[in-house]
Protein chains: 2
Amino acid sequence: MSSITPRETAPPHRAGPETSAVPTRWLDDEQQNAWRANAAIMIRLPAALDARMQTEAGLTYFEYMVLSSLSEAEDHTMRMSALAARTSSSLPRLLQVAGRLEKRGLLQRSRVPGSGRRTNATLTDAGYAKVVEAAPRHVVAVREYFIDVLEPGDLAALGRIGAAVGVAIDQNTPGLGAADPPAPASD
Amino acid sequence: MSSITPRETAPPHRAGPETSAVPTRWLDDEQQNAWRANAAIMIRLPAALDARMQTEAGLTYFEYMVLSSLSEAEDHTMRMSALAARTSSSLPRLLQVAGRLEKRGLLQRSRVPGSGRRTNATLTDAGYAKVVEAAPRHVVAVREYFIDVLEPGDLAALGRIGAAVGVAIDQNTPGLGAADPPAPASD
DNA sequence: ATCGACTTGTTCACGCGTTAAGTACGAGGT
DNA sequence: ACCTCGTACTTAACGCGTGAACAAGTCGAT
């Protein structure tokens, strides 16, 4: 069942416009299986985590990442651009979310006087309390959906795979804004 | 570097509101590493694939999934709801995209006379040609970003993991609309 | 034959993320 | 002193996805 491309019909396409010389290395069954499994994770896991955070803590998964990142930082404070990088988001996206969180009193922005146009975001007490409340539930969800269903070796494999995929994307994708070198994904 | 929750500060939260009795099993370093790696994949891989399909074939990744699914079906035809299930999307989302694709002449809709309000979507010749053109490029991208960076054992591990995570999500998430039993992720 | 319940597809209003333009600040040159 | 350039943040316009009504059929019961 399933194939990454039209299957019986795949060989018949003997030519993409310019790929005529290169035969196209279609995926074999095991590869297709791995890819489909991964695709399913990519689609469903974020949705599931989002739903949980939403109902259990009234936060988007992304909002949680923002607050959580701040809670880990010195003085619960980070520059906007650094926060954006850490949460793998664009600046405008972060700005919008930060605005919302600020209205809800979970976060506060303040310009850094001496240095250009820099702005700091700081967690308020209410914001920190929110993180403290949400964090354990988040861990529970991550365990249920992910960590606790893995077998021993899988943990290490995942780490390797993630790193390798990250590098591959950096190398082969011109327009992808990874701001900082080590690459953040946060959580 | 990094933690899924405030770290030095994590132990101090000895109580989430109701979790007071349950100590919260925080993630150890290897678990955090695996989770962060996976989170990075979830965020960046779809974006990267989307960008590629967009520039190389003028299709969204999702649009490609729709067309590709049709190309695999009997007579290049599927019912709308079946298509939605196969592409892991909501019906409204599929409808909108189908409308767009129809305007572009890649797809055609037609009511099934005898049976309720059912509608079939059929790939046009142009639509099939589009799939034929896009498929090889898609495989190349999937290989670059994913398949070809894996080590031998990883393929099997991924398959296992994907299945396990899928089951976990199905079990622990009330409101997730997986329409069909086997669960589609398609591509 | 008619009514009601169910299924399936469609439309609409809203919110979020993205891209592109705009604004404020400091630094370095002339 | 001024001008310009680069950086960092902000705002605005647009498109897409989601969820909630809505419409159009069919089937079964009375």
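Chain letters run A, B, ... following the sequence lines, proteins first and then strands; every chain starts at 1. Computed from a prediction, not measured in an experiment: that's the story for all the values here.
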Range on DNA chain C touched by chain B, heavy atoms, distance below 4.0 Å: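 The footprint of chain B covers dT8(C) to dT11(C).
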5' priority, DNA chain C, between Gln96(A) and Met80(B) [closest heavy atom]: Met80(B)
Just to verify, what does [X] make a side-chain hydrogen bond (donor to acceptor under 3.5 Å, both in side chains) with, not counting sequence neighbours?
X	result
Arg104(A)	none
Glu102(A)	Arg109(A)
Thr60(B)	Glu63(B)

Partners passing salt bridge (Lys or Arg N to Asp or Glu O under 4.0 Å) against Asp148(A) (at least two apart in sequence or in another chain):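 Here the qualifying residues are Arg143(A), Arg25(B).
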Aromatic plane relationship, Tyr61(A) with His138(A) - under 30° parallel, 30 to 60° tilted, over 60° perpendicular: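 Tilted: the ring planes of His138(A) and Tyr61(A) meet at 30° to 60°.
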Within-4.5 Å side-chain heavy-atom neighbours: Arg44(B) and Val165(A): no
Side chains of Tyr145(A) and Val149(A) in contact at under 4.5 Å (non-hydrogen atoms): no
Proximity to DNA chain C (any heavy atom under 4.0 Å), residues of residues 103-122 of chain B only: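 Of all residues in residues 103-122 of chain B, the ones placing a heavy atom under 4.0 Å from DNA chain C are Arg109(B), Arg117(B), Arg118(B), Thr119(B).
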Presence of Ser90(B) side-chain N/O under 4.0 Å of dG17(D) phosphate oxygens OP1/OP2: no
Ring-face cation of Arg93(A) near Phe62(A) (centre distance under 6.0 Å, axis angle within 45°): yes
Distance check needed: [N] [atom2] versus [X] [atom1], whole Å only.
X	N	atom1	atom2	value
Leu94(B)	dG19(D)	CG	P	15 Å
Asp50(A)	dT18(D)	CG	P	11 Å
Arg93(B)	dA20(D)	CZ	P	18 Å
Leu95(A)	dA8(D)	CG	C1'	10 Å

